[in-house]
Amino acid sequence: MEVIYMRVVVIGSGIVGSSAAYECAKAGASVVVLEGGRIAGGTSAVSFAWTNATTKRPRTYFDLNVAGMRAHLELKRDFGAAPWFTQTGSFDWRTAPESMDDYFENFRQMKEWGYGVEWIDKKLVAGMEPDIDVGAIGDCPISYYPEEGWVDPVLYSAWLLRAAKERWGAQVKVDARVTEIETEGGRVLAVRTADGERYGADAVVNCTGGWSSQRLGDAQGIPLSSTIGVLAFTPPVALTLRSQLHADDLDIRPDGAGRIMIHKVSVDLTFKTPQALSPAGDEATTLLEAASKVLPSLRSVGVEAIRTTVRPFPEDGYTCAGAMPDIAGHYMAVTHSGVTIAPQLGKVVADEVVRGNIHDEMETFRPERFFQANARRTPAAHA
C-alpha cells in the first residue's frame, strides 16, 4: 500500500487532541500539535474523567462510547502499561422517588444492549468498599458497573504525545495560540499562531473543545452550548476506596495519593461562566457535606482545592467529528464524552484524515448537521 506524505496540524493538546496526534503520527503523517497554553491545560485538566457508556443514547452514541471503552484497553496493550487508566468499577444508586423510573429504565436498556451492569446488595457493597456508609443508601436498589473506570487526562496526554514524538517524530508546540487557518482554492493551506509562526498543512484537526465555536481566519467553528463543571478535591485521606460512587446527582472517586474528587450536578448548574472558587466557600462546603454522608471519614477533612471548567457540548449535545463542509482539509473533533471516546476518536481521525478510510458509523456525528437549513436539532438529555 502506497504511503502518501501528509502534513497534519492538530490544534489542542487535551485528551482528544493528543489522541488524534498520536494516531495520525502512527498512521504516517508528519504531525505538529499547537497548544495555546500548557499541555492538556484546558478542560482535560479539570474533569471527573469517568469512562462509561451508561445513559448514553441513542444507540449510535452508546456504541461510540462502548468503542471508546474498548479502545482504552487496546491502548493499554499498545503501551504495555497505562499509568493514566484505572478500571475498578462504579456503584450507582438513587434515593429520590421521582428519579426511580428513569433509573430502572436505564438499567433495563443497558442490560438489553449488552452493557456490563448488575444488581448488588448492601452487604456486598460494604465488603467491597468498607469506607462507604451503606446506611446512607437506605433500602434503595444498587447497580454495579464492573467495566467502568476513569482516566487522568493530563497523564494520558503527556504519555501519548511523548510516544508520538519519540516513535514518529511529531512536534509539540506550547504557548502557540492559533489565530488563523489559511486556505487557498477552498483547501487548507497553513496555520498561523499569535506569535507570527506559520505551519504549512494539508489537514488541520480542530480539537479545541470549549473554544471550538471560534472562527480561525477562513475557518468557521461549530455552535456550542457548553456548560460549567465544578470539582472539589480533598487532601489525602486514609481511605481504601477504589471504586466510583454515583448517588443521585453526586459523583465521588479516588484521585491519587489518598485524595477524593467530588462532583455534584446541582452545584454545576449555579454557574454560567468558570470562576475562581475558594476551598472555604459555600460550593466547597456543599460538595464536602454531600460526600461526607456517603464517606464518613471525609467529615474531619476540608477541601484542598476547588476548580471550575468549561465542559464542551456541541449545540445538540452530541459528539461532533468529521470534515467541515466549507473547507477541504479542516476536520473538527469535539465532544463532551472526550474522556471515554478519545482513543477511538483518535483512530477515526487518523483513518479518515490520513488513510482516507471513512467510518460510516460516524455519520450521525458529522459537522454538516449544524450547517443545513433543515438539520434536525434534537436536545440530548443523556449526552
Side-chain angles (χ1 to χ4, degrees), residues 10 12-29 31 33 39-40 43-45 47-54 56 61-91 110 114-117 128 144-170 172 205 207 240-244 251 253-257 259 261 319 321 333 335-351 354-355 359 361-362:
V10 177
S13 69
I15 194 166
V16 173
S18 61
S19 299
Y22 174 81
E23 293 293 345
C24 286
K26 184 178 180 180
V31 174
V33 180
I39 299 298
T43 302
S44 291
S47 171
F48 193 79
W50 171 20
T51 56
N52 76 95
T54 187
K56 305 292 179 70
Y61 188 50
F62 170 83
D63 288 344
L64 179 59
N65 280 267
V66 169
M69 294 171 72
R70 246 186 251 117
H72 274 289
L73 298 177
E74 293 167 4
L75 193 62
K76 184 176 181 178
R77 287 193 291 270
D78 199 9
F79 277 78
W84 59 81
F85 181 50
T86 302
Q87 188 183 35
T88 50
S90 299
F91 296 96
M110 295 299 102
Y115 194 57
V117 59
M128 294 172 67
Y144 178 60
Y145 297 85
E147 298 174 270
E148 295 184 350
W150 68 86
V151 171
D152 184 325
V154 178
L155 276 183
Y156 176 104
S157 299
W159 278 98
L160 265 66
L161 292 177
R162 174 180 170 177
K165 289 187 290 184
E166 293 180 350
R167 298 177 187 178
W168 304 296
V172 180
V205 184
C207 304
T240 60
L241 183 72
R242 298 177 67 245
S243 308
Q244 293 180 79
D251 306 298
R253 72 163 173 85
D255 191 45
R259 290 177 173 84
M261 183 187 295
T319 295
T335 176
H336 170 59
S337 298
V339 164
T340 299
I341 70 172
Q344 175 65 15
L345 198 52
K347 292 180 180 183
V348 169
V349 170
D351 277 348
V354 182
R355 300 185 181 99
H359 283 243
E361 76 277 8
M362 297 298 294

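If you're wondering where the values come from, they're calculated on a predicted model, not measured in any experiment.
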**Message:** Using a strict threshold of under 4.0 Å (side-chain N to carboxylate O), is an ion pair present between Asp63 and Lys56?
**Reply:** no

From [X] [atom1] over to [Y] [atom2], what is the distance, rounded to the nearest 0.5 angstrom?
X      : Y      : atom1 : atom2 : value
Trp159 : Trp84  : CH2   : CH2   : 7.5 Å
Thr340 : Leu345 : OG1   : CG    : 11.5 Å
Ile341 : Lys347 : CD1   : NZ    : 13.0 Å
Asp152 : Thr86  : CG    : OG1   : 8.5 Å
Ile15  : Leu160 : CD1   : CG    : 8.5 Å
Ser47  : Met261 : OG    : CE    : 7.5 Å

**Request:** Tell me, with the steps shown, if Val349 and Glu23 meet side chain to side chain contact (heavy atoms under 4.5 Å, CB included).
**Result:** CA-CA 8 Å; Val349 170; Glu23 293 293 345; over 6 Å; no

Contact summary for [X] and [Y], nearest pair of heavy atoms:
X      : Y      : answer
Leu161 : Ala21  : CD2-CB, 4.0 Å
Gly68  : Pro343 : O-CG, 3.8 Å
Ser243 : Pro254 : O-CD, 3.6 Å
Lys76  : Ala82  : CG-CB, 3.7 Å
Ala350 : Ala27  : CB-CB, 4.3 Å
Cys207 : Val10  : SG-CG1, 4.1 Å

Side chains of [X] and [Y], heavy atoms from C-beta outward: is any pair under 4.5 Å?
X      : Y      : result
Thr88  : Trp150 : yes
Val154 : Ile39  : no
Thr54  : Val117 : no
Gln87  : Met69  : no
Asn52  : Asn65  : no
Val348 : Met362 : yes
Arg70  : Gln344 : no
Met128 : Tyr144 : yes

**Asked** Just by distance, with hydrogens left out, do Ser337 and Tyr61 show a side-chain donor and acceptor under 3.5 Å apart?
**Response** yes

**Prompt:** Do you see a donor-acceptor pair shorter than 3.5 Å between the side chains of Ser19 and Tyr156?
**Reply:** yes

**Request:** Give the intermediate values and the outcome of side-chain hydrogen bond (donor to acceptor under 3.5 Å, both in side chains) for residues Glu148 and Trp50.
**Result:** CA-CA 7 Å; Glu148 295 184 350; Trp50 171 20; 3.0 Å; yes

**Aromatic centroids of Tyr145 and Phe91 separated by under 6.0 Å** = no

**Message:** Under 6.0 Å between ring centres: does that hold for Tyr22 and Trp168?
**Reply:** yes

**Request:** Ignoring hydrogens and angles, tell me if any N or O in the side chain of Thr51 forms a donor-acceptor pair with the backbone of Gly149 under 3.5 Å.
**Result:** yes

**Request:** For the pair His72 (side chain) and Ala67 (backbone), establish whether a donor and an acceptor sit closer than 3.5 Å, ignoring hydrogens and angles.
**Result:** no

**Message:** More than 12 heavy atoms of other residues, nucleotides or ligands under 6.0 Å from CZ of Arg162: yes or no?
**Reply:** no

**Message:** Using the rule given for salt bridge (charged side-chain N to carboxylate O under 4.0 Å, His left out), can you reason through Arg253 versus Asp251, listing the C-alpha separation, both sets of side-chain angles and the distance that settles it, and then say yes or no?
**Reply:** CA-CA 7 Å; Arg253 72 163 173 85; Asp251 306 298; over 6 Å; no

**Item:** ring pair (Phe, Tyr, Trp, His ring centres under 6.0 Å) evaluation trace for Phe62 with Tyr115
**Value:** CA-CA 10 Å; Phe62 170 83; Tyr115 194 57; 5.8 Å; yes

